[in-house]
Number of protein chains: 2
Amino acid sequence: MTDGRSPVMADVARIAGVSHQTVSRVLNHHPNVKATTRDRVLAAIEELGYRRNLSARALVTRRTNTLGVVAFDTTLYGPASTLFGLEQAARDAGYFISIVSLKTINRKTVGEALDYLAAQAVDGLIAIAPQVEAAAAVSALRGTVPVVAVEGGEAGGMPVVAVDQLRGAELATRHLLDLGHRTVWHVAGPVDWLEAEGRRRGWRNTLEAAGVEVPPVVEGDWSPRSGYEAGRRIADDARAGRATAVFVSNDQMALGLLRALHEARIRVPQDVSIAGFDDIPEAEFLTPPLTTVRQDFAEVGRKSIALLLDLIESGPGPEAERIVVPPTLVTRASTAGPATT
Amino acid sequence: MTDGRSPVMADVARIAGVSHQTVSRVLNHHPNVKATTRDRVLAAIEELGYRRNLSARALVTRRTNTLGVVAFDTTLYGPASTLFGLEQAARDAGYFISIVSLKTINRKTVGEALDYLAAQAVDGLIAIAPQVEAAAAVSALRGTVPVVAVEGGEAGGMPVVAVDQLRGAELATRHLLDLGHRTVWHVAGPVDWLEAEGRRRGWRNTLEAAGVEVPPVVEGDWSPRSGYEAGRRIADDARAGRATAVFVSNDQMALGLLRALHEARIRVPQDVSIAGFDDIPEAEFLTPPLTTVRQDFAEVGRKSIALLLDLIESGPGPEAERIVVPPTLVTRASTAGPATT
DNA sequence: ACTTGTTGTGTGAACGTTAACAAACGGGCT
DNA sequence: AGCCCGTTTGTTAACGTTCACACAACAAGT
């Protein structure tokens with residue numbers, strides 16, 4: 001600071017009266033350093049305000065202490081929360097994180113993202129790869145560097161940490177059936193999203209297990225607008241009493257659907273019950289408050305980092321691990337028993 | 001790949017029949033390289049799949065090509081969008097980004113975050129520092145490394161890129177007055193947030209300029225819940241006809257407020273008009289669709305990165321720059337003229 | 001007294017790049 | 001021819017760590 005350059009190990013060594021190697025040992029918590037020496041070194045470090053140069057370190061250790069994250073549309077509540085959880089967990093573990101968030105997912109953009117992270121020589125990679133396509137693209141990279149997929153389905157036998165989408169969908173659907181509804185309709189997410197697919201399967205399985213009719217699926221794209229459009233499509237069936245309960249694949253679409261039903265003068269939950277997925281902060285304050293499935297994104301973040309670090313330390317296990325985080329059902333006013341006609 | 005290590009410059013040089021320095025020159029687009037030589041080098045790079053080692057490069061250039069970002073609660077729509085914009089802009093400019101997102105902001109956590117980024121020797125720093133406290137903490141670091149604040153108020157004379165909060169608040173308040181409301185109430189964000197303060201000032205200024213009465217401010221914490229509570233507090237005044245228009249400092253609180261008014265059987269916009277701030281994707285599909293102020297977060301991201309890179313390249317200008325991005329009013333069904341009694 | 005092992009420390013040599021300088025080459029001038 | 005100057009290339013030395021090894025000091029066993 002005072003003199004031109006920032007201090008280096010040799011400066012610390014000189015002040016502490018030891019060799020640079022001893023300083024290195026102190027910094028790396030090597031056991032064989034005498035306590036008094038260690039103290040002198042630490043004092044010198046303190047005095048100079050010394051910080052070790054990570055580039056030099058990375059050069060020789062071939063480890064950058066950086067993890068790469070490929071994410072998609074991080075303004076959505078789910079991905080944003082996952083990212084937040086990942087960042088916290090990585091920092092706690094002493095790793096840096098480098099993020100690429102993509103606007104659109106296809107082989108080209110994912111390929112570029114991986115290139116970008118490869119250029120940084122990340123020690124490991126987390127792919128928030130909720131789309132079939134993306135998961136495949138990431139899977140192709142495996143071998144070069146350890147990869148963990150978040151919400152990644154079973155694509156390509158990668159290690160995966162994911163919320164149990166099937167279970168979540170089952171919770172919501174079961175809940176609606178238990179309230180007495182003859183069947184449950186479904187507004188799904190985009191076909192190429194793994195989470196959408198999981199929720200759709202969980203919903204269908206539950207209906208089939210209960211031996212009830214499976215209504216046609218209405219498909220959306222996660223946006224409130226698409227939920228709104230789905231609502232207009234479902235309105236007629238609701239008025240005719242064919243649709244009395246709807247499980248919507250995320251809360252944003254559920255919000256749009258609520259709007260459409262309101263416009264159609266269909267009451268929730270008296271005429272139609274609605275359940276969503278995600279438990280966004282707004283869910284509790286919609287009209288009516290939304291029954292939904294809550295995901296523990298922070299836990300997903302922690303588990304992902306833990307798994308990735310394990311992969312980095314000890315190499316890949318014999319079997320690609322699949323860690324599942326259980327979701328919980330949050331019951332609110334948007335679901336009730338069907339009207340007794 | 002095939003042999004143990006990944007290729008280095010010397011390998012490329014050998015294949016191309018030149019010295020490693022020439023390879024370096026090609027990589028750095030040095031002008032004085034013969035075209036044929038350049039082609040041979042590029043071919044060798046291609047053949048080996050060579051990537052340059054950024055740690056080694058950073059070691060000698062003292063530049064990491066990494067920008068640090070300190071953010072706060074990146075699951076909120078605003079910060080998440082800003083982050084997204086920053087990331088895109090940085091990548092386009094050939095920089096990496098390292099993020100720290102904090103759960104709570106105070107001198108300690110911000111200090112730790114800055115330490116963390118300093119350890120990485122970032123070339124520059126972007127602080128999404130929407131709180132007075134945070135802005136101060138970041139400001140203290142200036143001098144070591146170029147810093148740009150996003151939404152940072154005028155704190156400490158730092159260069160700032162921000163949406164014009166005053167103007168946004170003025171647009172919303174003006175709009176409500178123009179509709180014929182006698183005055184406009186306000187649900188504000190937390191006092192220590194600069195954006196909240198800006199919107200509050202813009203609101204107050206507009207009322208005072210119009211020479212109308214300034215109602216008491218109701219304070220929230222950005223959450224839907226606090227908006228809901230604010231709504232319950234305002235309900236009485238609304239019923240009594242004292243409050244016919246409310247400007248809410250963000251859309252999430254507006255959502256909660258809508259819920260509270262609905263419960264109190266107060267109609268929007270017939271009895272009370274509501275305007276929000278942010279234009280979250282949900283705003284259009286609330287009941288009723290929300291009039292709000294839209295911020296161009298992508299633009300803020302681009303401008304911030306541009307300013308920071310400028311600072312890095314050419315050093316600080318004589319004056320701390322302040323770049324302002326204009327917001328726009330989006331008119332929807334939640335605002336209308338007052339009931340004609 | 002002599003080995004043997006353990007603990008603490010120092011000495012060089014990497015790691016892979018860029019910076020600084022030097023040198024070879026050629027063309028255009030006196 | 002001899003000289004100068006710009007272009008192109010090569011050589012050597014950093015950059016600041018960690019790693020591999022050597023070595024000293026000392027304790028404990030034969």
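Lettering follows sequence order; numbering is per chain, from 1.
- For the residue pair B:D39 / B:T37, no side-chain donor-acceptor distance below 3.5 Å is found, with atom types taken as modelled.
- Ring centroid separation for the pair A:Y77 and B:Y77 does not come in under the 6.0 Å cut-off.
- Remark: DNA chain C takes part in the stems C:1-30 with D:1-30, each of 3 or more antiparallel Watson-Crick or G-U pairs, criterion distances under 3.5 Å.
- Atoms NZ (A:K34) and C1' (C:dG10) sit 14 Å apart, rounded to a whole Å.
- A donor-acceptor contact closer than 3.5 angstrom links the side chains of B:R52 and B:N28.
- Close to C:dG8, at under 4.0 Å from its OP1 or OP2, lies a side-chain N or O of A:N32.
- What you find for B:K103 and A:F84 is that their closest heavy atoms are CG-CZ, 3.6 Å.
- Atom CZ in B:R25 sits roughly 8 Å away from atom C1' in D:dG10 (whole-Å rounding).
- Between D:dT9, C:dT11, C:dG8, one nucleotide has an atom nearer to the side chain of B:V33 than all others, and that is D:dT9.
- Applying the 4.0 Å criterion to OP1 and OP2 of D:dT17, one finds that A:S24 has every side-chain N and O outside that range.
- Checking the phosphate oxygens (OP1, OP2) of D:dT18, a side-chain nitrogen or oxygen of A:N28 falls inside 4.0 Å.
- Atom NE2 of A:H20 and atom C1' of C:dT9 are 11 Å apart (whole Å).
- Comparing D:dT12, C:dG10, D:dG16 by their closest approach to the side chain of A:T22 singles out C:dG10.
- Rounded to an integer number of Å, the gap from B:L27 CG to C:dT17 P is 8 Å.
- Residues from residues 39-68 of chain A lying near DNA chain C, meaning a heavy-atom separation below 4.0 Å, are A:L59, A:V60, A:R62 in numerical order.
- As rounded to whole Å, 11 Å separates atom C1' of C:dC21 from atom CD of B:Q21.
- One atom, CE of A:M9, and another, P of D:dC19, lie 10 Å apart when rounded to the nearest Å.
- Residue B:R57 holds its CZ atom at 8.0 Å from CG of B:L27, rounded to the nearest 0.5 Å.
- Separating the CG atom in A:L308 from the CG atom in A:D123 is a distance of 9.0 Å, to the nearest 0.5 Å.
- When all heavy atoms of B:E87 and A:I99 are compared, the pair lying nearest together is OE2-O, 3.2 Å.
- Of the possible donor and acceptor atoms, one in the side chain of B:R91 sits under 3.5 Å from a partner among the backbone N and O of A:S101.
- Salt bridge A:R63/A:E313: present, at least one basic N to carboxylate O contact under 4.0 Å.
- Rounded to whole Å, the distance from NE2 on A:H30 to P on D:dA20 is 12 Å.
- Contact annotation: B:T37 reaches the phosphate of D:dT9 (side-chain N/O to OP1 or OP2, under 4.0 Å).
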